[in-house]
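A short worksheet on the structure shown next.
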Amino acid sequence: MDVDRERAMVIAMKGHPGTGKSTVAQATAKSLKWPLVDKDHFRDATRAIQQALIETSPAAATKLLNDLSYDAMWRVVSTQLSLGLSVVVDSPLSRRPHLDRLLGMAAETGATVVVVECKPGDEAEWRRRVELRGGSEWHKPSTWREMEGLLEGYGGCWDYDVGQVPKLVLDTTAPVQLAELVSTVLEFLNSPAF
């Protein structure tokens, strides 16, 4: 677990709900002893506001509060980077402007950004995970049909080129233990490319 650098680093997790992204993010942050900034924590805090706004315009309320959650998350990440701290960011990173915002913050502080994308190779297992969680997370798809609707709404924009940003893709449905996935992330961070 070397990963001892002079410059701060951001591990930007990427992936859809149910892919194991948060599990890998938490285990990686714990292993590195780095702060974890999770967009869901901010989104969860907006539930009461969404309930109050839902009757007026459900779609507008959802978009507004999702944007607010990202903004709050980016502010926390920016603060950590300005302090010289490396950080693990757990968000879907589903749109290129999200990555661009993170890259801008990293450039201002001299931090390095790497993307770790959780991409399930086994759609049946991914579907099982989504449906297993059911309605336990109010702002995430609780059925496979809802997941398909989310993906349709993205219109393919989530599958974008990250350019020169180092990227590791993990098959989080492969029959390996979490410790092995985290070990793969750490090996990636310790590679000569950095």
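When a residue number appears, it is its place in the shown sequence, counting from 1.
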Below 4.5 Å, heavy atoms only, C-beta onward: do [X] and [Y] meet side chain to side chain?
| X | Y | result |
| --- | --- | --- |
| W74 | V37 | no |
| V77 | L102 | yes |
| I11 | L189 | yes |
| T143 | V130 | no |
| C118 | K14 | no |
| L170 | K119 | no |
| W126 | T19 | yes |
| E117 | L168 | no |

If we ignore hydrogens and angles and just use 3.5 Å, is the side chain of [X] paired with the main-chain N or O of [Y] as donor and acceptor?
| X | Y | answer |
| --- | --- | --- |
| S183 | A179 | no |
| D171 | G121 | yes |
| R7 | G110 | yes |
| S82 | T79 | yes |
| T173 | D122 | yes |

Should [X] and [Y] count as an ion pair when the cut-off is N to O under 4.0 Å?
| X | Y | answer |
| --- | --- | --- |
| E125 | R129 | yes |
| D71 | R101 | yes |
| R145 | E131 | no |

I'd like to know whether CZ of R95 has more than 12 heavy-atom contacts from other residues, nucleotides or ligands below 6.0 angstrom. yes
Could you tell me which non-hydrogen atom of [X] sits nearest to which non-hydrogen atom of [Y], and how far apart they are?
| X | Y | answer |
| --- | --- | --- |
| V76 | F42 | CG2-CZ, 3.7 Å |
| S86 | P35 | O-CD, 3.1 Å |
| A111 | L81 | CB-CD2, 3.9 Å |

Is there a side-chain contact (heavy atoms from CB on, under 4.5 Å) between V89 and M73 once you walk through the steps? CA-CA 9 Å; V89 178; M73 181 186 73; 3.9 Å; yes
With rounding to the nearest 0.5 angstrom, report the [atom1] to [atom2] distance, [X] to [Y].
| X | Y | atom1 | atom2 | result |
| --- | --- | --- | --- | --- |
| S22 | K39 | OG | NZ | 10.5 Å |
| H16 | K21 | NE2 | NZ | 9.0 Å |
| M105 | Q80 | CE | CD | 11.0 Å |
| D100 | R96 | CG | CZ | 4.5 Å |
| T112 | M9 | OG1 | CE | 5.0 Å |
| R43 | H41 | CZ | NE2 | 14.5 Å |

Under the 6.0 Å and 45° cation-pi test, does K167 pair with F188? no
Please say yes or no: joined through hydrophobic side-chain contacts below 4.5 Å, possibly via intermediate residues, are [X] and [Y] part of one cluster?
| X | Y | result |
| --- | --- | --- |
| L186 | L178 | yes |
| V10 | Y160 | yes |
| L85 | L36 | no |

Is there a side-chain contact (heavy atoms from CB on, under 4.5 Å) between W34 and V87? Walk through the geometry before answering. CA-CA 5 Å; W34 290 3; V87 64; 5.8 Å; no
In terms of relative ring orientation, are H98 and Y70 parallel, tilted or perpendicular, with 30° and 60° separating the classes? parallel
Let's go through V176 and L181 carefully: what are the C-alpha distance in whole Å and the side-chain angles of both, what is the deciding distance for side-chain contact (heavy atoms from CB on, under 4.5 Å) to 0.1 Å, and is it a yes or a no? CA-CA 7 Å; V176 298; L181 291 173; 3.8 Å; yes
